[in-house]
Amino acid sequence: MSYLGEHIGKLGFGLMRLPVREDKSIDVEQVKEMVDLFLKAGFTYFDTAWAYPGSEDAIREALVERYPRDAYQLATKNAAWINCATREEAIAQFETSLRQTQAGYFDFYLLHNVGEGRTRFFDEYNMWNFVKQKKAEGLIRHMGFSFHSTPEELEAVLTAHPEAEFVQLQINYADWDYPAVQSRRCYEVARKFGKPVVIMEPVKGGLLANPPAPVLKVLKDAEPDHSAASWALRFAASLEGVITVLSGMSSVDQMRDNLATMQHFAGLSDTQRATLQTAQAELAQIPLIPCTTCNYCAKVCPNDIGISGSFTAMNYLTLYGDLGQARHWESWLVGGHGRKPASECLKCGACEEACPQHIAIREELEKVAAALQEH
């Protein structure tokens with residue numbers, strides 16, 4: 001795909017989940033092989049971040065030191081909300097990224113995970129203007145941001161910052177109409193503002209590589225020889241206005257499967273679209289806690305329990321049976337947002353009076369505590 005004069009291709013190499021050795025260090029030799037296959041297939045977009053441990057160093061060794069600078073596009077990100085007490089500390093992330101990658105400049109530079117309480121750090125440290133300055137200096141080619149919050153907040157950010165050239169969004173067929181993510185509505189906001197989209201989490205952190213059994217049956221009945229992950233990638237890549245679809249590949253085998261899917265991808269047929277709609281309908285049949293994350297409950301909870309975050313994590317467990325991933329989401333959506341775990345519910349019932357979905361919140365929180373929290 002051409003974007004501002006650059007050939008990229010619909011598949012991007014996400015560098016957050018790189019292969020690791022037994023000692024948990026990144027397996028750079030395997031990354032080199034993956035990079036070689038990726039570039040040989042005609043794809044050129046690599047996505048790393050200051051906040052991904054070891055990733056910028058790994059891509060320096062596997063890519064920057066082995067290929068001419070005009071053979072690829074490199075994206076990295078600034079997370080001003082992580083351990084930055086001053087603007088100088090936030091700015092230092094940019095210099096660290098330049099040093100670790102040795103890339104000379106970044107084709108795409110993102111403010112990382114704008115939204116909720118994190119946005120204020122980018123605003124207070126004037127990071128928007130900092131990035132504009134670095135673009136004027138030629139150290140950044142294109143500026144944008146990644147985003148995991150509500151469509152309403154996305155509209156507010158894009159209204160306040162028309163200088164953003166693109167936005168990176170979590171989009172996949174499972175989250176398309178899922179109330180806790182609202183992929184469709186966020187995508188529609190970006191399109192309304194005319195912003196190209198980089199898609200992240202098209203396979204939902206790997207969960208859609210092995211979706212719930214009823215969903216997998218629909219996909220395999222339709223195309224027995226294609227992986228479930230290939231359906232997720234094709235769904236994302238079929239959307240208009242997409243720069244590239246990032247896949248966080250962790251092995252050479254995953255790289256080969258994704259390349260086989262995307263190298264000659266020309267869009268979904270009507271039959272394939274119907275198959276994905278059937279898969280989405282099967283997902284919708286799985287009984288979940290009907291929380292829409294309106295957070296009216298949070299406004300009245302006297303003990304500041306992370307109710308909606310707990311329910312989102314529990315729904316992940318119900319859908320995918322992945323306890324580790326569900327605990328990860330609980331940690332981020334509850335503790336990471338300064339709220340208390342389900343086990344500390346006082347059972348006062350104020351939340352249930354406020355809930356427009358009439359959820360038996362106290363009962364559901366008991367289930368969350370039993371299922372997710374280690375004792």
Side-chain angles (χ1 to χ4, degrees), residues 16-17 24 51 53 81-83 113 115-118 148-150 153 170 172 174-183 201 203-216 248 280 282-375:
M16 186 171 69
R17 302 180 180 91
K24 303 302 182 183
W81 45 275
I82 297 181
N83 299 327
N113 204 359
E116 299 176 321
R118 300 173 297 279
H148 282 281
S149 191
T150 66
E153 188 171 7
Q170 176 176 330
N172 57 68
D175 290 331
W176 192 235
D177 290 310
Y178 183 41
V181 180
Q182 301 185 78
S183 283
E201 303 291 354
V203 194
K204 203 171 173 67
L207 293 175
L208 295 181
N210 185 27
V215 176
L216 185 60
Q280 289 171 316
E282 288 292 342
L283 274 174
Q285 294 299 313
I286 298 173
L288 302 175
I289 303 169
C291 175
T292 64
T293 67
C294 68
N295 283 322
Y296 292 144
C297 56
K299 296 174 182 177
V300 300
C301 178
N303 207 30
D304 207 18
I305 303 298
I307 298 171
S308 65
S310 295
F311 290 168
T312 297
M314 188 66 179
N315 284 340
Y316 272 110
L317 182 62
T318 301
L319 280 167
Y320 305 106
D322 189 328
L323 181 58
Q325 185 76 353
R327 283 176 172 163
H328 164 78
W329 280 112
E330 183 196 35
S331 175
W332 167 246
L333 294 172
V334 180
H337 286 64
R339 298 190 179 278
K340 294 178 182 177
S343 58
E344 295 189 30
C345 172
L346 300 175
K347 307 261 191 304
C348 68
C351 54
E352 294 179 8
E353 295 178 12
C355 178
Q357 306 302 321
H358 308 294
I359 299 169
I361 294 176
R362 288 171 290 184
E363 180 181 333
E364 296 293 350
L365 286 175
E366 281 188 13
K367 296 177 184 176
V368 171
L372 298 183
Q373 292 169 16
E374 298 180 80
H375 299 287

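These numbers come from a predicted model, not from an experiment.
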Provide the closest heavy-atom pair for Leu365 versus Ser310 in the form atom of the first, atom of the second, distance. CD2-CB, 4.1 Å
Is a side-chain N or O of Glu153 found less than 3.5 angstrom from the main chain of Glu116, in a donor-acceptor match? yes
Taking every non-hydrogen atom, the tightest pair across Asn295 and Ser308: OD1-OG, 2.7 Å
Show the numbers, then the answer: is there a side chain to side chain contact (heavy atoms under 4.5 Å, CB included) between Leu208 and Tyr320? CA-CA 9 Å; Leu208 295 181; Tyr320 305 106; 3.8 Å; yes
Among Leu283, Thr312, Leu319, find the one that has a side chain to side chain contact (heavy atoms under 4.5 Å, CB included) with Leu288. Leu319
Could you walk me through whether Asn172 and Val203 pass side chain to side chain contact (heavy atoms under 4.5 Å, CB included), step by step? CA-CA 7 Å; Asn172 57 68; Val203 194; over 6 Å; no
So which pairs with a foot in residues 346-356 pass side chain to side chain donor-acceptor pair (under 3.5 Å), sequence neighbours left out? Glu352-Arg362
Using side-chain heavy atoms (C-beta onward) and a distance below 4.5 Å, is Cys291 in contact with Ile359? yes
Min side-chain heavy-atom separation Gln357-Ile289 under 4.5 Å: no
One should read off an interatomic distance between Cys345 SG and Glu364 CD, to the nearest 0.5 angstrom, of 12.0 Å
The single option from Gln170, Glu201, Arg118 passing side chain to side chain donor-acceptor pair (under 3.5 Å) against His148: Gln170
Regarding Asp304 and Lys340, does a basic nitrogen lie under 4.0 Å from an acidic carboxylate oxygen? no
Fit a plane to each ring of Tyr316 and Tyr178, take the angle between them on a 0 to 90° scale, and name the class: parallel (under 30°), tilted (30 to 60°) or perpendicular (over 60°). perpendicular
Below 4.5 Å, heavy atoms only, C-beta onward: do Phe311 and Ile361 meet side chain to side chain? yes
For Ala174 and Lys204, the nearest pair of non-hydrogen atoms, with its separation, is CB-CD, 4.2 Å
How far does CG of Leu333 sit from CD1 of Ile307, to the nearest 0.5 angstrom? 13.5 Å
Polar side-chain atom of Asp322 near backbone of Gln325 as donor-acceptor pair, under 3.5 Å: yes
Distance, nearest 0.5 Å, that separates CD of Gln280 from CH2 of Trp176: 9.0 Å
Checking Asn303 side chain against Leu346 main chain: does a donor-acceptor pair fall under 3.5 Å? no
All heavy atoms of Leu317 vs all of Ala371, minimum pair found to be CD2-CB, 4.0 Å
Side-chain touch Pro341/Ile305, heavy atoms, less than 4.5 angstrom: no
On a heavy-atom basis, which atom in Leu372 and which in Arg327 lie closest, and how many Å separate them? O-NE, 2.7 Å
Spacing of CD belonging to Glu366 relative to OG belonging to Ser343, to within rounding of 0.5 Å: 11.0 Å
Of all heavy-atom pairs between Arg17 and Gly248, which one has the smallest distance, and what is that distance? CB-O, 3.9 Å
